[in-house]
Every structure is written in structure tokens, then in C-alpha cells.
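Chain letters run A, B, ... following the sequence lines, proteins first and then strands; every chain starts at 1. Computation of the quantities below employed the complete heavy-atom set of this structure, encompassing side-chain atoms and omitting hydrogens, waters and symmetry-equivalent molecules.
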Amino acid sequence: MINITLPDGAVRQYESGTSALDIAKSISEGLARKVLAASVDGQVWDANRPITADANLKLLTWNDTDGQMTFWHSSAHLMAEAVESMFPGVKFWVGPALESPKGFYYDMDLGDRKMTEDDLAALEKKMNELAKQNSSYVRKELSKAEAVQYFTEKGDEYKLDLLSGLADGEITFYTQGNFTDLCRGPHIPNTGLIKAVKLTSIAGAYWKGDEKNKQLTRVYGVTFPSQKELDEHLAMLEEAKKRDHRKLGKELSIYTMSDDVGPGLILWMPNGTVIIEELEKLAKETELEAGYKRVVTPHIAKESMYLTSGHLPYYADSMFPPMEMDGEKYYLKAMNCPHHHKIFDAEPKSYRDMPYRIAEYGTCYRYEQSGELFGLMRVRCLHMNDAHIYCTKEQFAQEFKAVNDMYLKYFKIFGIEKYVMRLSLHDPEKLGQKYVNEPELWLETEDLVRKVLIETGVPFVEVKGEGAFYGPKIDVQIWSAIGREFTLATNQVDFAQSRSFKLSFTNQNNEPEIPLIIHRAPLGTHERFIGFLLEHYAGKLPLWLAPVQVKVLPISDKFLDYAKSVSDKLKKADIRSEVDDRNEKIGKKIRDTELLKVPYMLVVGEKEMTENKVAVRRQGKGDLGVKDVEQFLNEVVAEMKERRSE
RNA sequence: GCCGUUGUAGCUCAGUGGUAGAGCACUUCCUUGGUAAGGAAGAGGUCAAGGGUUCAAUUCCCUUUAACGGCUCCA
């Protein structure tokens, strides 16, 4: 007999070899029907795998993340079975479950054949048929030799490659129906639990994520234990699409693009430009207060400067090709730092000048790969909230922390809560290739940055191989409405460029000393930041950012003059106000203004005109009642000045 | 850059081997209406661009281009 401890602390006795599923049945049939997997002493197991020793047991259902992940991984196997029946001879690579976006994929080599989106419907149908057969997922342990022999006979180079990384004794196979796969598991008890299937897309994916390798076919899908849950999931995706900045950008006339101008080149319309100017106002105020000085630099520079900076060898491919002039090559700048270094270097510096902080909303051009362009989030012309801080080693920690604090201050203003701070480190194996070859400096500065992060008390993750070529950095990661990850803001250390540009200052001992440089962009780029804000606010921008803040809606054109006089009064107080002078009924005017997400609507008619008042309506909230014009004006000005997010 | 999908009016989208349609938006007229769509008429398109097949191509084929879903990349 073995002792099984349940999460509530109860200990039950069972025969050795009892499975989690058996245990569930002993508790209730209803529970047993819902069990997807089991956590056995903290490890996720098949629910039908025999337990032969005392253990802590937690039954995993759809309510557990691990239960869902097991469900989707098993669904990937089910899909593979369906694919194999329709494309005999197909070879599979890996098919993991995904937490975000929810579901799974399987990478496969279809040989000469092609799968198109038309095949997905047939595959779904096949998967549903196979699921209904209610086949068990059967686990089998094999020796490495047996496994190698099996896949050698099958001629499956992909699974052989996987095997080469596995040790004898840890190799398991799973079989359901006619499909057998090398897999560490675990799996759900049987295919019958999969009640609803949606294959979402088909895509190419390089084998092992390396573009030099063959491209495999990747099919994405998601499954649920009921049709209802699938429907809800699909409805949620539809909702998310409504927040997509590309949709909102069009609806709210924020930006546009033109084939004649070129891909990835944003044309900011008047509404978008208002947002840009408000953001710049915020940045300039904040930076002035933090001791930054502003500079302005040109859009181009000679090749030699980018050779000095070290950018060209790393990034030539993603810069626009050079223009030749007077026998010189000029590049559009892809970053502002070299220009700023030249400003630092223009006059001799002493320790008394340090830290030296210069800021610019710099316009940069990057030749991003065509397949990478994505609305406002990934573009070829970007306006960076850039600044460079040149400081002594002693000043570094304090300066770096001040930058971090600036991020947090901004995030508070915008109510940004869902983000991850990522400490991006170098990869020692790529020193001299992807990273400047200064092993000690890397470790030293990485440690400094880590300490600052710990001091700030912000949770962060560390990622090897994500650093810039000149030093470690902190990236702030966010997710777009449709779940794609982006770096919103960045705070970087640079110990390399001050050397390559021979930058120095005179220290207190009258000796030349090399400064450390901090590159920072807390508001990222206008493009990405505004794209993010549109999604973050679902288009309902706070008053201070709203392109049109107040719309005055006369009940009929009898009150047009009064509406105009109210609007003029607001404009004099720098409130962005407009009058809806169309010959429409008030209901129509309200509807259209609501859809344009204008924060305040002022309805004016007979009553308001005679009393010199306005009927205030807040977007999304409805009628707020009648107020004096002066009172409304004062309230709006206060809300604007405080940059309230509501 | 690679794999896949798509491109029809300002927007959202139907449709067809015989030179195009809806709703919204727009213009004009009627209506002067009190908190999410009043009515009528009108105007608006080289069907992404180029080439091919065909008596005839927006429709079929090829190339280019752009956008979208991924992969790779991201100073």
C-alpha cells in the first residue's frame, strides 16, 4: 500500500500502481471525468501513469495552467495524427503547448508537398473524428538504442536529432490511435476529452530557429474541452482586435501610410501630431527637471563615423544604403549616439561637467526587414525619446537609477502596469562577434546594473544574449493587443563607444579619464509608444492626450452661434475644442462623437443658451448634468494640467 | 529576407471570363429634432501595378508591389 497526500492534507491509502485517475474515481466520477493530468510530488504526470510510492498528489484539471498545457500538448499529437493520415510520410519536429497565445503548434517537414489554409478545415474535421475514437495516450519507455533503431528505420532525421540530445533511460514514446511519437509527455488520459478544435494559422518556421536551416511548416491551433469555451476564446480574440492600434489609428485618424512614400514610413495626421506634441512636452519638462540639456543633430553622417562607432560592422544590413557625395559615403542615421558623442567631444570636459546629459527627439532610419514591419510598432523611420548621459564610474549607479526612476514616473502617469523589466546580458560565446570583446567590463557593468535593479525594487528577468553590442541594458517588454512582444523602452550601458570615440574628461587629479555612457529612451519612440498607448487605452486617450478634447453639440442650428462662442472660450484656454455644426439630430451627433472617443461632449440648446451653461457628457459615461461654462472650463484645465488618466 | 494569405469606392466588405455592387462616410435638398443612427436625391472605382492566355480578363496564369499571420532579425 502507498500513502497519497492530497492538497488539503488528507492522506489516503491505495494499492501500489494505482493511477491518479483511479484515485480521482475513488473520490468522485465527476472529478475523474475532468482530470487531465496530475502533479505527483510537484512533477506533472500522466493521469493514468501508475504511482508506486508515497506521494503528494494534486489532480490537474482545466482550471490549472499545467492541466491546460497538457491538454494542448496532447492536442498537438492529435493534430499530428490527423496530418499523418492526410500527408503520409510527413516528418515531425516538435509540437509544444503555448501559454500566450493560447494553444499549440507542431513543426513538420512535408517534403515536396505544400499545406495551404484550405487544408486546415479538413484537418480540423479529421481531428474531431479522431478525438471521438476516444483513444488513450499510452506511455512507453524505450532504451536509446531501440529508439535510434526505430527512427533510423523510419528515416526520420528530425527525431534522431532530438534523440542525440537525450540520455538513455529518459526516453519515452507516446501512442494514441495510429500515431506514435518520441515525447517526454505528459499527456491527457484520452483524445475524447478534446471536444472543440480550431486550427488558426499555417506558417513557415526555420528548423531550430536558425534561418540558415530548412524552413519547416508550422501549424498553429487551439483546442478546448467544450465548444462553448472555444466560442468564448474566439470572441475574446475578436475583442482584442478592436484594440489593435492599426484599426484604431485608422478610425481615429491618427496616422496613415502610402505606397508612394514607402513601407514602414509613417505619415502622422493632425490628430496623431497632437499626441506627439503632448508627449514631447512631457519629455521636455521631465528632462529639464532632471538636468538634461537639449540638442539637435542632422539626419545623416559620413561612413567614417559609423566605422568609428562600431555600428557599421554590426548593422550595415539594417541601415539604408549610403548616398555618395563628393567622394564620401553618407548614411541616414540609424541611431543618435555618434552625433551626440561629437557634441560631448566638441569642448574639453572636466569632472565638474559630469554627468553631462544631452537629449533629443532624434529621427532615425532603420531598414527593417520587410516581413518585420508592423503598424506603428515596427517602422523604418522612428522618432526616439533619446538621451545620452556621460558620467564617471562613481556617478554611474546613481545616474542609472535616476533613469530607472524616470521610467517608473512615466509608467505611473500612463497607468502602465503590465510589463516585464528584462536585464539583457551578453553571451560570452559571442564576444568579439556580436559583442565587443571586453569580458571583464561586461561582467563589471552587468553587475552594476543588476545592483541598481535590485535597489529599485522592480522585479526583473535576466536574459543572456540580448545585450547591445556595446554593453548590457534594461529593456521594458510589453505586449501588443494581439499578443506580440515588444521592447517599449530601454536603458543601456555603454563602455565601448567612449573608447572608440576617444572621449574623455579631466578628473580631479588632472588626468584624462574615460566616461561611461548611458543610452536611454524611457518613452521609446513616438511610433511604438503611441501604438502602445492606443492599445493600452483602447483608443480612449486621457484628456491631456486626446486630439480633440471637447466637442460642442448644438441641439439644432438655432444654437450654433452659442456653441461657437462656448468653443471659442475653451480654445482661448488652450483646450482643443470643436463644434459639430452638421445638420443632424442630437442623437446622431452624440453617437458619432462617442465613436471618435472625444472625452467631453457639451450639449447646448435653448436652456443652456439662456442660462449661459453647458450640458456635460463624458465619453463612455454619459450625461454628467448641466454646469456653468466657467466651472466646466476650470475643471477641464485642471484635469489636463495634472495629466489625469481618469 | 523566408513560408502562407490577401489587395474591388474614403471605410467595412459582396460579386463576376462579356468593361462593377451594398452599408457607412461625403455633397445637395427636406427636416430644427434634448443624450448612441430622421428622410430623399446625387457624386464617387484604370477592380494594387506590369505582362501573358483569350474574340473578350477585375475574374485564369506569371512577375512586381503592399498589407496581414508566423519564422528570422531588432543598435
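One C1' atom belongs to B:A9, the other to B:U58, and the distance between them is 14 Å to the nearest Å.
Distances were taken from every side-chain heavy atom of A:Val603 (C-beta onward) to each of B:G70, B:G34, B:C74; the shortest belongs to B:G34. Taking only side-chain atoms of A:Glu606, from C-beta outward, the nucleotide of B:A67, B:G34, B:C71 with the closest atom is B:G34.
OP1 or OP2 of B:G1 sits under 4.0 Å from a side-chain N or O of A:Ser370. Between A:Arg484 and B:G69 there is a side-chain polar atom (N or O) within less than 4.0 angstrom of OP1 or OP2. Distances shorter than 4.0 Å separate none of the side-chain N or O atoms of A:Lys589 from OP1 or OP2 on B:G34. A sub-4.0 Å separation between OP1 or OP2 of B:C24 and a side-chain N or O of A:Lys588 is absent. Within the 4.0 Å cut-off from OP1 or OP2 of B:G69, at least one side-chain nitrogen or oxygen of A:Arg246 is found. Remark: A:Lys114 is in phosphate contact with B:G4, judged by side-chain N or O atoms under 4.0 Å from OP1 or OP2. The side chain of A:Arg366 contributes no N or O atom lying less than 4.0 Å from OP1 or OP2 of B:A75.
With rounding to whole Å, A:Arg591 atom CZ is found 11 Å from B:A36 atom P. Regarding A:Glu466, its CD atom lies at a distance of 9 Å from the C1' atom of B:C74, rounded to whole Å. To the nearest angstrom, P of B:C11 lies 15 Å from CG of A:Leu252. Rounded to whole Å, the distance from NZ on A:Lys212 to P on B:C71 is 18 Å. The interatomic distance linking A:Met377 (CE) with B:C68 (C1') rounds to 16 Å, in whole Å.
For the residue pair A:Ser567 / A:Ser577, a side-chain donor-acceptor distance below 3.5 Å is found, with atom types taken as modelled. There is no side-chain donor-acceptor pair under 3.5 Å between A:Arg380 and A:Tyr365.
The six-membered or imidazole ring of A:His526 lies near that of A:Tyr361, with a centre-to-centre distance under 6.0 Å.
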Might you list the N or O atoms of the protein lying below 3.5 Å from N or O atoms in nucleotides 59-62 of chain B, with each pair's distance?
none

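Summarising the geometry of A:Ile474 relative to A:Tyr407, their closest heavy-atom pair is O-OH, 4.3 Å, with the distance given to 0.1 Å.
Geometric assessment of A:Arg218 against the ring of A:Tyr105 yields a positive cation-pi assignment under the 6.0 Å and 45° thresholds.
Under 3.5 Å, the side chain of A:Glu608 and the base of B:G34 form at least one donor-acceptor pair of N or O atoms.
A donor-acceptor contact shorter than 3.5 Å links the side chain of A:Trp442 to the backbone of A:Val436.
Below 30°, between 30° and 60°, or above 60°: for A:Phe344 and A:Tyr390 the angle between ring planes is below 30°, a parallel geometry.
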